Amino acid sequence: MPLVLPGEHIPAQHVNLKLGPGLLQLSSVEEGLSIISTRPGDLTHSTNRSKWWIESNSRRYVPAAQESVIGVVIARSGEGWRVDIGSAHMASLDGLAFEGATKRNRPNLKVGSLLYARVSLAHKDMEPELECFDAQTRKAEGFGELKGGFVVRCSLKMCRMLLDPKHFLLPLLGARFPLDTATGLNGKIWITTKEARHVIAASRCVEAVDPDGGGMTEVGVKKFLSTMDI
């Protein structure tokens, strides 16, 4: 993963190219379409090179289309809601952006409700928009209101680490006790278990493994868990 700086040209090419955080596509008469980086970090791409993004540990979340986020409803707005996802601007969520929602049948969200949603629109000159279903299947696919549980705040880099199927933490915790999680790329992780002590243990492990909190290794987490009453 090469390190890039803001303004560098990125050699990203693919038939179904999708750009993630830190990359911007420009158009000019002389050069045509070009892609540049807008933040410093590690240039990363998917296995088939169709998705490109800049891996960095920024403090504030910048919304990007197709990313999963965890937010809190802060107000009702017409036929939808205003949601705080930790970005510079509040996000909007339409009342019909749920699986099977109609004008007569829509979720009854309250101020303070916790949501797991997907960013459907992200533009630097517009407020981000959310939806609580998969755009292809039109099914919830886990998106929607999160009830119970506990939200852990962590670095943006930690969230991306946990979404990697090869990362050790969640399988390691799942082998010790049953738990459900939802990871938002905006620096929030939702955890729910049957016992409060397991929620506390999982939360402390996330904070310990976080690069901003010490970057504990798998061996260290196993020793850490052995000192807890779980």
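Note: hydrogens, waters and symmetry copies are ignored here, and every other heavy atom, side chains too, is used. Keep in mind it's a predicted model, so treat the numbers as computed, not measured.
- Under the 4.5 Å side-chain contact rule for hydrophobic residues, V69 and M90 do not share a cluster.
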S50 and K18: CA distance, side-chain angles, deciding distance, side-chain contact (heavy atoms from CB on, under 4.5 Å) verdict: CA-CA 6 Å; S50 65; K18 293 184 179 180; over 6 Å; no
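- When all heavy atoms of T192 and G149 are compared, the closest pair comes out as CB-CA, 3.8 Å.
- Scanning for side-chain hydrogen bond (donor to acceptor under 3.5 Å, both in side chains) contacts around H45 gives R49, with sequence neighbours left out.
- Residue-environment remark: NE2 (H89) stays at or below the threshold of 12 foreign heavy atoms within 6.0 Å.
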Step-by-step ring pair (Phe, Tyr, Trp, His ring centres under 6.0 Å) determination, Y116 to F143: CA-CA 5 Å; Y116 187 47; F143 294 113; 5.0 Å; yes
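- The shortest distance between side-chain heavy atoms of L121 and P128 does not fall below 4.5 Å.
- Not a single donor-acceptor pair under 3.5 Å links the side chain of T44 to the backbone N or O of I54.
- Distance check, rounded to the nearest 0.5 Å: CZ of F133 to CG of L96 gives 9.0 Å.
- Of the listed residues (L146, T183, T181, L115), just one forms a side chain to side chain contact (heavy atoms under 4.5 Å, CB included) with W190, and that residue is L146.
- Connection of L163 to V151 is not established within any shared hydrophobic cluster, with ILVMFWY side chains joined at heavy-atom distances below 4.5 Å, either directly or through further cluster members.
- Using a 4.5 Å cut-off on side-chain heavy atoms (C-beta onward), C205 and L169 make contact.
- Between S120 and Q66, the closest side-chain pair of non-hydrogen atoms is not below 4.5 Å.
- Side-chain contact between H9 and S34 is present, with heavy atoms from C-beta onward closer than 4.5 Å.
- Heavy atoms only, all atoms of each residue included: L179 and A202 are closest at CD1-CB, 4.4 Å.
- Within the 3.5 Å criterion, the main-chain N or O of W81 finds no donor-acceptor partner in the side chain of S77.
- In this structure, the side chain of E99 does not engage the main chain of K139 through any donor-acceptor pair within 3.5 Å.
- To the nearest 0.5 Å, the span separating CD1 on I200 from CD on E195 amounts to 11.0 Å.
- With a 6.0 Å radius and a threshold of 12 heavy atoms from other residues, nucleotides or ligands, R204 has its CZ atom at or below the threshold.
- When all heavy atoms of C159 and I189 are compared, the closest pair comes out as SG-CG1, 4.4 Å.
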Working for side-chain contact (heavy atoms from CB on, under 4.5 Å), residues S87 and N186: CA-CA 8 Å; S87 59; N186 56 334; over 6 Å; no
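- Applying the salt bridge (charged side-chain N to carboxylate O under 4.0 Å, His left out) rule to pairs touching residues 100-111 yields E79-R106, sequence neighbours excluded.
- In this structure, OG on S155 lies 11.0 Å from CD on E207, to the nearest 0.5 angstrom.
- Shown here are the salt bridge (Lys or Arg N to Asp or Glu O under 4.0 Å) partners of E141, two or more places apart in sequence or in another chain: there are none.
- Remark: E218 engages K222 in a salt bridge (Lys or Arg N to Asp or Glu O under 4.0 Å) (not counting sequence neighbours).
- Cluster membership check: L172 shares its hydrophobic cluster with V152, using side-chain heavy-atom separations under 4.5 Å among Ile, Leu, Val, Met, Phe, Trp and Tyr.
- Taking both residues in full, the closest heavy atoms of I85 and P63 are given as CD1-CG, 4.1 Å, listed atom of the first, atom of the second, then distance.
- Between atom CG of residue L185 and atom CG of residue L156 there is a gap of 8.5 Å, rounded to the nearest 0.5 Å.
- Atom-to-atom distance recorded for W52:CH2 and L19:CG is 10.0 Å, nearest 0.5 angstrom.
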Trace of the side-chain contact (heavy atoms from CB on, under 4.5 Å) decision for V209 with M158: CA-CA 8 Å; V209 175; M158 181 62 188; 3.7 Å; yes
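- Atom CG of L225 and atom OG1 of T227 lie 7.5 Å apart (nearest 0.5 Å).
- In this structure, V73 is a member of the same hydrophobic cluster as F98, with clusters built from ILVMFWY side-chain heavy atoms closer than 4.5 Å.
- Under the 4.5 Å side-chain criterion, counting only non-hydrogen atoms from C-beta, L93 is in contact with L109.
- A continuous path of hydrophobic side-chain contacts links M228 to F177 [ILVMFWY only; heavy atoms under 4.5 Å].
- Put simply, the side chain of L26 does not reach to within 4.5 Å of the side chain of I35, judged on heavy atoms.
- Scanning both residues, I10 and I36, for their nearest heavy atoms gives CG1-C, 4.1 Å.
- Distance alone, capped at 3.5 Å, places no donor-acceptor pair between the R197 side chain and the A201 backbone.
- Taking E127 as the reference, R82 meet the side-chain hydrogen bond (donor to acceptor under 3.5 Å, both in side chains) condition, with sequence neighbours excluded.
- Listed by first and then second residue, the salt bridge (charged side-chain N to carboxylate O under 4.0 Å, His left out) pairs that reach into residues 147-165 are E55-R160, E67-R160, sequence neighbours excluded.
- Residues C154 and D210 approach most closely at CB-OD2, 3.2 Å, considering heavy atoms.
- The backbone N or O of G22 sits less than 3.5 Å from a side-chain atom of T38, completing a donor-acceptor pair.
- For the pair T102 (side chain) and N105 (backbone), a donor-acceptor distance under 3.5 Å is present.
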